[in-house]
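The residues of the chain are indexed from 1 along the displayed sequence. Both counts, for ligands and for their atoms, begin at 1 and track the order of listing. Note that the coordinates shown come from a computational prediction; the quantities given were computed from them, not determined experimentally.
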Amino acid sequence: MAQFVIEALIKSKIGLDANSIGADAIASVISQRMVDCGIADIANYLGKLQASSEEWEALIDSVIVPETWFFREPESLTFLKHYVLSEWLPRNPQGVLRVLSLPCSTGEEPYSIAIALLEAGLNPTNIHIDAVDISKKCLLKAQRAIYHQYSFRGNTQLFQQRYFQPTEPGYHLCKQVRSMVNFLHGNLLDSNLLLGTAPYDIVFCRNLLIYFDRPTKIHTIKVLEKLLFPGGLLFVGHAETGLLLNSCFVSVRQPLAFAYHKAVASGVGIKESDTWGGLCGKTTVNNRPLSDRKPYLTNISPPRHSKPHIPGETTKINTKISTQNIPDNLLETAKILADRGCLDEAIQLCNSYLGQNRGSIEAYVLLGQVQQAMAQNEQAAQSFEKAIYLQPTHEEALTHLALLREHQGNIGSANLLWQRIHRLKKK
Ligand SMILES: C[S@@+](CC[C@H](N)C(=O)[O-])C[C@H]1O[C@@H](n2cnc3c(N)ncnc32)[C@H](O)[C@@H]1O
């Protein structure tokens, strides 16, 4: 039971889905932390964890996957140089290029970005790189900037010779590159992350989304969208591209670069909810119409009685009609919209579906997840409660509600739910 609660807490705090690395891996991390703390009983360890922020940090440091190296997925950096020289620089000859590396782990990624930009001929005074990670231990290593051969995989000898000094403890990165990166402690799940910072021209968010479940990925993509200027570039890891398909992030179509432009909405007064999932208004990338994009919601029939959708045409019918005239697969469509971050539209569809299917547990759970992603926590709790009312043993709904209560600081109510889930698991 306590292990299960710890797994759920880890997921709610840092997004790590136990299924992505395996419950056994988490169990062994917890056992090691218990040994380090001199605690034999896991329930006591849970108590310590709930009472001590230091223990949380230690657990996070042990459970995260900090795997990284210099010039990982090198085609991304090659494309970065090409983009900066051919598109960004001509438009911003005197400007400062703002780049974010999140998560940055032990620094190999943001330092590789800095080196790539120097190699492209940019002046360091025209480059601003922020690098964020949840692990303070990783950030300390990053600031120290001394690396072992393990951090150099692939064809990086040239950079190693040019920018690193071999020393007793390892290869020390030169001061010029070190001084180009600002390391910051932050959590991608924190809604106040980088609050008040200007948007970035380029965001690298690689090899983290793979550890998240679907709702967390949706939330993350929305956060990343906000962090980028319209037209800015998002780089993801090779296993993370699926989530961006048919969204307002548009592939640069460069093999192995895994780079996406955030679409530029040229409509006036465009709302945040319009900038998602192909439900955008008149949308262009670098002033090119997105006529080659796949139509949105490819798996549903076009709305009846509506005029044909002309790609690139400014229209509001997308959001409105798509939520009304798709009788058969409303719930599936709601899931697709939720996946794409079109949360308002997903809620509309869930409610329409529930109007016709009052007993749909699945719809209440989805509605609750979407409401939670929109920080409508009380409405979300009510939706999960309705699902639980319909099926008191519905584990997914119980887990969502337990996590939500935990998040709201209602530990008593959360613990009752955890006990209920635990009893179900034992049956
Ligand atoms: C596999 S590394 C990726 C590093 C680098 N982006 C790369 O691709 O080489 C994953 C990093 O994500 C960090 N991390 C995990 N959860 C996080 C969160 N919620 N917010 C910020 N960083 C997180 C971990 O500390 C770890 O350093």
Side-chain angles (χ1 to χ4, degrees), residues 7-21 25-26 29 56-77 79-80 99-116 129-144 147 150-154 156 181-195 197 200 202-213 215-224 226-227 233-241 256-259 373 403 407:
E7 272 175 25
L9 289 176
I10 291 173
K11 185 167 164 185
S12 76
K13 281 201 191 266
I14 69 164
L16 177 70
D17 181 6
N19 297 322
S20 69
I21 59 167
I26 295 195
V29 166
W56 256 115
E57 274 183 23
L59 182 67
I60 288 174
D61 280 338
S62 314
V63 86
I64 49 134
V65 183
E67 182 78 356
T68 185
W69 58 93
F70 285 102
F71 286 85
R72 184 177 194 174
E73 291 171 334
E75 290 82 359
S76 299
L77 293 160
F79 181 75
L80 169 73
V99 185
L100 174 65
S101 161
L102 191 180
C104 65
S105 190
T106 39
E108 287 88 330
E109 180 178 275
Y111 288 141
S112 300
I113 294 167
I115 292 172
I129 304 174
D130 288 332
V132 177
D133 203 276
I134 200 162
S135 163
K136 288 187 183 165
K137 199 168 155 189
C138 285
L139 290 170
L140 281 174
K141 280 193 188 168
Q143 278 163 325
R144 191 165 167 252
Y147 296 95
Y150 192 60
S151 289
F152 302 91
R153 305 176 204 178
T156 53
V181 181
N182 312 304
F183 288 100
L184 305 160
H185 181 237
N187 183 349
L188 189 45
L189 265 53
D190 179 357
S191 41
N192 291 330
L193 177 73
L194 296 167
L195 196 72
T197 340
Y200 293 89
I202 292 162
V203 172
F204 279 73
C205 183
R206 304 191 300 173
N207 304 302
L208 175 56
L209 295 178
I210 37 170
Y211 300 109
F212 290 170
D213 68 0
T216 316
K217 283 177 182 160
I218 294 169
H219 172 79
T220 306
I221 297 289
K222 279 208 95 69
V223 172
L224 296 173
K226 282 194 191 138
L227 290 171
L233 268 190
L234 171 66
F235 288 88
V236 295
H238 71 275
E240 297 164 328
T241 55
L256 303 178
F258 314 117
L403 283 171
H407 173 75

> Near Ser105, which atoms of ligand 1 are under 4.0 Å from a heavy atom of that residue?
Replying inline: 4 (C), 27 (O)
> Based purely on interatomic distance, does Ile14 place a nitrogen or oxygen under 3.5 Å from a nitrogen or oxygen of ligand 1?
Replying inline: yes
>> What I'd like to find out is whether the side chain of Asp17 reaches to under 4.5 Å of the side chain of Thr216, using heavy atoms alone.
In response: no
> So how far is it from Leu80 CG to Ile202 CD1, rounded to the nearest 0.5 Å?
Replying inline: 5.0 Å
> For atom 22 (N) of ligand 1, which of Asn187, Leu139, Ile134 has the closest heavy atom?
Replying inline: Ile134
>> Whether Arg153 and Glu67 form a salt bridge (side-chain N of Lys/Arg under 4.0 Å from carboxylate O of Asp/Glu) is what I want to check.
In response: yes
> Going by an N to O cut-off under 4.0 Å, is there a salt bridge joining Lys136 and Glu57?
Replying inline: yes
>> So, taking the atom named CG in Leu194 and the one named CG in Asp130, what distance separates them when rounded to the nearest 0.5 Å?
In response: 6.5 Å
> Quick one: nearest non-hydrogen protein atom to atom 15 (C) of ligand 1, plus distance?
Replying inline: Leu208 CD1, 3.4 Å
> Has ligand 1 got any nitrogen or oxygen that is less than 3.5 angstrom from a nitrogen or oxygen of Tyr211?
Replying inline: no
>> Can you confirm whether or not the ring centre of Phe258 sits under 6.0 Å from the ring centre of Phe235?
In response: no
> What about Pro66: any of its N or O atoms under 3.5 Å from an N or O on ligand 1?
Replying inline: no
> For atom 9 (O) of ligand 1, what's the nearest protein heavy atom and its distance?
Replying inline: Thr68 OG1, 2.6 Å
> Does Gly186 have a non-hydrogen atom less than 4.0 Å from ligand 1?
Replying inline: yes
> What is the nearest protein non-hydrogen atom to atom 7 (C) of ligand 1, stated with its residue, atom name and distance?
Replying inline: Arg72 NH1, 3.3 Å
>> Students should be able to answer this: which protein heavy-atom is nearest to atom 24 (C) of ligand 1, and at what distance?
In response: Asp133 OD1, 3.5 Å
> What atoms of ligand 1 come closer than 4.0 angstrom to any heavy atom of Leu188?
Replying inline: 18 (C), 19 (N), 20 (N), 21 (C)
> Of the protein's non-hydrogen atoms, which lies at the shortest distance from atom 1 (C) of ligand 1, and what is that distance?
Replying inline: Val65 O, 3.0 Å
> Under 4.0 Å from any heavy atom of Ser135, which atoms of ligand 1 are there?
Replying inline: 25 (O)
> So which heavy atom in the protein is nearest atom 6 (N) of ligand 1, and how far is it from that ligand atom?
Replying inline: Pro103 O, 2.8 Å
> Any idea which part of Arg206 is under 4.0 Å from ligand 1, heavy-atom wise: side chain, backbone, both or neither?
Replying inline: both
>> Can you confirm whether or not the ring centre of Tyr111 sits under 6.0 Å from the ring centre of Phe183?
In response: yes
> So, is Asn207 polar-close to ligand 1, with some N/O to N/O distance under 3.5 Å?
Replying inline: yes
> Is it true that Arg206 and Glu109 have a side-chain N and a carboxylate O under 4.0 angstrom from each other?
Replying inline: yes
> Glu108 and Thr68: which non-hydrogen atoms are nearest, and at how many Å?
Replying inline: OE1-CG2, 3.2 Å
> Under 6.0 Å between the ring centres of Tyr147 and Phe70?
Replying inline: yes
